[in-house]
Q: 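Okay, here's the structure, questions in a sec.
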Amino acid sequence: MKQTENEQDIKRMKELVETLNEAARVYYQGQDEIMSNYEYDKLYDELGKLEERTGIVMSASPTIHVGYETISELPKEPHIAPMLSLGKTKEVAELESWIGNEKGLLSLKLDGLSVILTYENGMLTKALTRGNGETGEVITNNAKTFVNIPGRISFDGTLVIRGEALILYSDFKELNARTVDISEQYKNPRNLCSGSVRQLNNEITAARRVHFYVYNVIQMEPARDFKRKREELEWLAGMGFDIVPYKEVTEENIAARVEEFSSEVISSDLPSDGLVVTFDDIAYSASLGRTAKFPRDSIAFKWRDELADTTLREIEWSASRTGLINPVAIFDPVELEGTTVSRASVHNVSILKELKLGIGDTISVYKANMIIPQIYENKTKGNNCEIPSKCPVCGGSTELVQENGSVVLMCQNSECYAKKLKSFSHFVSRDALNIDGLSDATLEKLINMQILHSVIDLFFLGSHRDELVEMDGFGEKSYENLIQSVEEAKDVPIANVLYSLGIKGIGLSMARLIAKKYPYPLADMHTLEAEQLTAIDGIGEVLANSFVEYFASEQNQELVRKLQDILRIQYPAREEIQSLEGKTFVITGSLTHFANRNECKKKIEDLGGKVAGSVSSKTNFLVNNDVMSMSSKNKKAKELQIPVITEEELLAMLEQ
């Protein structure tokens, strides 16, 4: 039976809701994005128009929901006020109409992760992610490693602020430069930041150099009588915070200020996906209230990505050391955001098919976040790209497999040259064995000369002196330096050895976590089970299974046995039994035996305990020298039947 127009609209709405919610789920969990912001906004606008036309809004529609529910193992806490998203536009004329006769502030819409910080009596006591807008994840320990936030401020009272955690473009590029395999590099600063901020091990967060920029005060007690938003921001700057870059605007000059930001952002180190306009008059802003989803005192302006039409000339298939073969679009060169681009990753076979790419097609390309070339649209949909049945590098057979909800192409040949070369590159890289003098070009020559078959052969290069000295671009001095570097590389921590093996998903930080918890001899790592690994904070089921599967291979076991005999591996000391492991404390009130709460907190954490900022059902003890206090924390502890202990009682526990 033929569908009516309304039925077709409803069907399309359901498709859009499912597509947008899946994109949001991936986006908010810091995984690889499945669509660009440009594509998301286009579909979101289409859904909004359909809802307006039909008068129907599906219960799961992203137009009535804020954010997406997170699924990490981080503890959750409700926000003191809803963390709303913003209404948006791409039209400067709408900004002019919106601001009207009022004065406003136009600021960068930073592209990172929204974070709410709480300071009590000058000390940072809590940090929450935005989460789903009502409840956020507790990331206090991670926030303390942010590069540019003050650990103490000169404000006695409670201060709750909201801002954006982000990773600078320069740091993003440097982190990627350390990753040998291009297929394993981070896709964009926003994804990297999201994963970094939500780590269960703040050592990883610290290594990622996360920055924080403030854009508003949520709560302040005692309150200060700010009349204007700019006064509030400048006061925060005076407290030591970096504030979001802004310009003062009116209806008359806002278009010019938007153009100024548009020019400046091209060379800015701050990732940004648009601008935000908010009224400068705080009292006026407060009088406007909010809708169910948006505040009425602010609106977002989204950048129009610079699009360029070009012709698709080729799909290049690039093999990685994991066997994954990635499609890359090669097209006629075009100018985008001030640079010339001629290639863009298509990511996987699923996206290749969705775009219906064909050689000779007219495609629109852009730079996601003004940095990563991507295909926005295929205008002619030739759909004639063949999926290779043979690996482009080794000629071995390929197979289409499902991975993380997408179809990917894999090389089935374990001896694939691409796998071999990139495995060698990974093994000798700085975070692995750190062997100088072995560039990809040199490794390629050694493989072609049949000198290298396995990484074990690297430690016997001395037996090929004559061949190496005569090798093009080498010589006696290069040979001696290389042999010395190989010898020095034998003194290596177990974590670096584990990372050098190229176990899928196991980076250096994860390897350190495993080595610290289970400092087994390398050849005994195969005895570890997935359940033991998932007991480590920061390691989930997927990574645990990847580790176990690697060591289950007899071929891999033979390799690590040989490495154990050759290398002088350094192992961390076994962890001592920690008397407070598994116990969570909350500290409140004044202390007499410790200089401050941080000193008390460190002592608890040194013995395996955790310290939270607020009392919850997961709290084991509330530390308060005034046991009979009627404070909110004491009341909450009594309601939940959580013991309230004095400092002396805590000291007795610490000394056990």
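Residue numbers count from 1 along this sequence. Only a predicted model underlies this, so the values are computations on that prediction, with no experimental measurement involved.
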Q: Only counting residues at least two apart or in another chain, list the ones meeting side-chain hydrogen bond (donor to acceptor under 3.5 Å, both in side chains) with E377.
A: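 Counting only residues at least two positions away or on another chain, E377 forms no side-chain hydrogen bond (donor to acceptor under 3.5 Å, both in side chains).
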Q: N384 versus I359: any side-chain heavy-atom pair under 4.5 Å?
A: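 Yes - at least one pair of side-chain heavy atoms lies under 4.5 Å apart.
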Q: So N383 and L357, side chain to side chain contact (heavy atoms under 4.5 Å, CB included) or not? Walk me through it.
A: CA-CA 5 Å; N383 201 25; L357 291 175; over 6 Å; no
Q: Name all residues meeting the ring pair (Phe, Tyr, Trp, His ring centres under 6.0 Å) criterion together with F241; count only those two or more places apart in sequence or in a different chain, and write none if there are none.
A: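 Scan of F241 (ring pair (Phe, Tyr, Trp, His ring centres under 6.0 Å), adjacent residues dropped) gives Y119.
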Q: If you round to the nearest 0.5 Å, how far is OG of S485 from CD1 of I435?
A: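 That separation rounds to 6.0 Å.
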Q: Side-chain donor-acceptor pair under 3.5 Å between N326 and S318, yes or no?
A: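 Short answer, no.
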Q: Considering only NZ, NE, NH1 and NH2 on the basic side and carboxylate oxygens on the acidic side, decide whether D280 and K103 come within less than 4.0 Å.
A: no
Q: Considering only residues two or more places apart or on different chains, which pairs with a residue in residues 388-398 satisfy side chain to side chain donor-acceptor pair (under 3.5 Å)?
A: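 Qualifying pairs, neighbours excluded: none.
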Q: Mind checking what makes salt bridge (Lys or Arg N to Asp or Glu O under 4.0 Å) contact with E467, not counting sequence neighbours?
A: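 Not a single residue meets the salt bridge (Lys or Arg N to Asp or Glu O under 4.0 Å) criterion with E467.
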Q: Checking T362 against D309: is there a side-chain donor and acceptor pair closer than 3.5 Å?
A: no
Q: Tell me every residue that passes salt bridge (Lys or Arg N to Asp or Glu O under 4.0 Å) with D332, counting only those two or more places apart in sequence or in another chain.
A: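 Only R313 meet the salt bridge (Lys or Arg N to Asp or Glu O under 4.0 Å) criterion with D332.
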Q: Of all residues at least two apart in sequence or in a different chain, which pass the side-chain hydrogen bond (donor to acceptor under 3.5 Å, both in side chains) check with T89?
A: E94
Q: Would you say R257 and E248 make side-chain contact, with heavy atoms under 4.5 Å?
A: no
Q: Within a radius of less than 6.0 Å around CD of Q412, do more than 12 heavy atoms belonging to other residues, nucleotides or ligands occur?
A: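 Enclosed: over 12 neighbouring heavy atoms sit under 6.0 Å from CD of Q412.
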Q: Within the 3.5 Å criterion, strictly below it, is a donor on S196 or R208 matched to an acceptor on the partner's side chain?
A: yes
Q: Is any side-chain heavy atom of V365 closer than 4.5 Å to one of F331?
A: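 Heavy-atom side-chain distance check passes, below 4.5 Å.
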Q: With rounding to the nearest 0.5 Å, note down the distance linking CG in L352 to CD1 in I375.
A: 8.5 Å
Q: Under the criterion side chain to side chain contact (heavy atoms under 4.5 Å, CB included), which of L461, L458, D457 is the partner of I451?
A: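 Answer after filtering L461, L458, D457: L461.
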Q: Taking it one step at a time, do L108 and Y213 satisfy side chain to side chain contact (heavy atoms under 4.5 Å, CB included)?
A: CA-CA 10 Å; L108 283 179; Y213 287 80; over 6 Å; no
Q: Suppose we screen for ring pair (Phe, Tyr, Trp, His ring centres under 6.0 Å). Which residues come up paired with W98, at least two apart in sequence or across chains?
A: F279
Q: Measure across E234 and Y246 and return the closest heavy-atom pair with its distance rounded to 0.1 Å.
A: OE2-OH, 2.7 Å
Q: Please list, chain by chain and in numerical order, all residues satisfying side-chain hydrogen bond (donor to acceptor under 3.5 Å, both in side chains) with N148, sequence neighbours excluded.
A: D242
Q: Do V197 and C193 make a side-chain contact, defined as non-hydrogen atoms from C-beta onward lying under 4.5 Å apart?
A: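 A side-chain contact under 4.5 Å exists here.
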Q: Would you kindly say whether S298 and Y215 are connected by a side-chain donor-acceptor distance under 3.5 Å?
A: no
Q: First locate atom CD of E354, then atom CG of N378, and finally report the distance between them rounded to the nearest 0.5 Å.
A: 12.5 Å
Q: Going by the rule salt bridge (Lys or Arg N to Asp or Glu O under 4.0 Å), which residues pair with R162 if we only count those two or more places apart in sequence or in a different chain?
A: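 None.
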Q: Closest heavy-atom contact between S272 and K109?
A: OG-O, 3.2 Å
Q: Got a sec, which residues hit side-chain hydrogen bond (donor to acceptor under 3.5 Å, both in side chains) with S546, two or more places apart in sequence or on another chain?
A: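 Partners of S546 by the side-chain hydrogen bond (donor to acceptor under 3.5 Å, both in side chains) criterion come out as none, since no residue qualifies.
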Q: Rounded to the nearest 0.5 Å, what's the gap from OH on Y169 to CG on L166? Could you check?
A: 10.0 Å
Q: So C391 and I325, do their side chains get closer than 4.5 Å, heavy atoms only?
A: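 In short, these two side chains touch, coming nearer than 4.5 Å.
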Q: Would a 4.5 Å heavy-atom cut-off, applied to side chains only, mark R230 and L105 as touching?
A: yes
Q: Over 60° means perpendicular and under 30° means parallel, so tell me whether F146 and F212 are parallel, tilted or perpendicular.
A: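 Answer is parallel, since the angle falls under 30°.
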Q: When rounded to the nearest 0.5 angstrom, what is the spacing between CG in L86 and CD1 in I299?
A: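 Atom-to-atom, L86:CG and I299:CD1 are 8.5 Å apart.
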Q: Side chain to side chain contact (heavy atoms under 4.5 Å, CB included) for L95 and V258? Distances and angles first, verdict last.
A: CA-CA 10 Å; L95 293 183; V258 169; 4.0 Å; yes
Q: Hey, is R12 close enough to E15 for a salt bridge, meaning N to O under 4.0 Å?
A: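 Looking at E15 together with R12, the answer is yes, because their closest N to O distance falls below 4.0 Å.
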Q: My understanding is that only residues two or more places apart in sequence, or in another chain, count here; which of them pass salt bridge (Lys or Arg N to Asp or Glu O under 4.0 Å) with K247?
A: E260, E264
Q: Not counting sequence neighbours, which residues clear side chain to side chain contact (heavy atoms under 4.5 Å, CB included) with A206? List them please.
A: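 Side chain to side chain contact (heavy atoms under 4.5 Å, CB included) check on A206 returns T145.
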Q: Does the side chain of L324 come within less than 4.5 Å of M410's, by heavy atoms?
A: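 Answer yes - side chains close enough.
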Q: Please report the interatomic distance CE(M13) to NZ(K49), rounded to the nearest 0.5 Å.
A: 14.5 Å
Q: If you measure from the Lys or Arg side-chain nitrogens to the Asp or Glu carboxylate oxygens, is any gap between K381 and D361 under 4.0 Å?
A: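 Salt bridge absent between K381 and D361.
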Q: Side-chain contact, heavy-atom cut-off 4.5 Å: V277 with I99?
A: yes
Q: Under the criterion side chain to side chain contact (heavy atoms under 4.5 Å, CB included), I'd like the reasoning laid out for Q374 against S345: C-alpha separation, chi angles, the key distance, then a yes or no.
A: CA-CA 7 Å; Q374 291 190 8; S345 173; over 6 Å; no
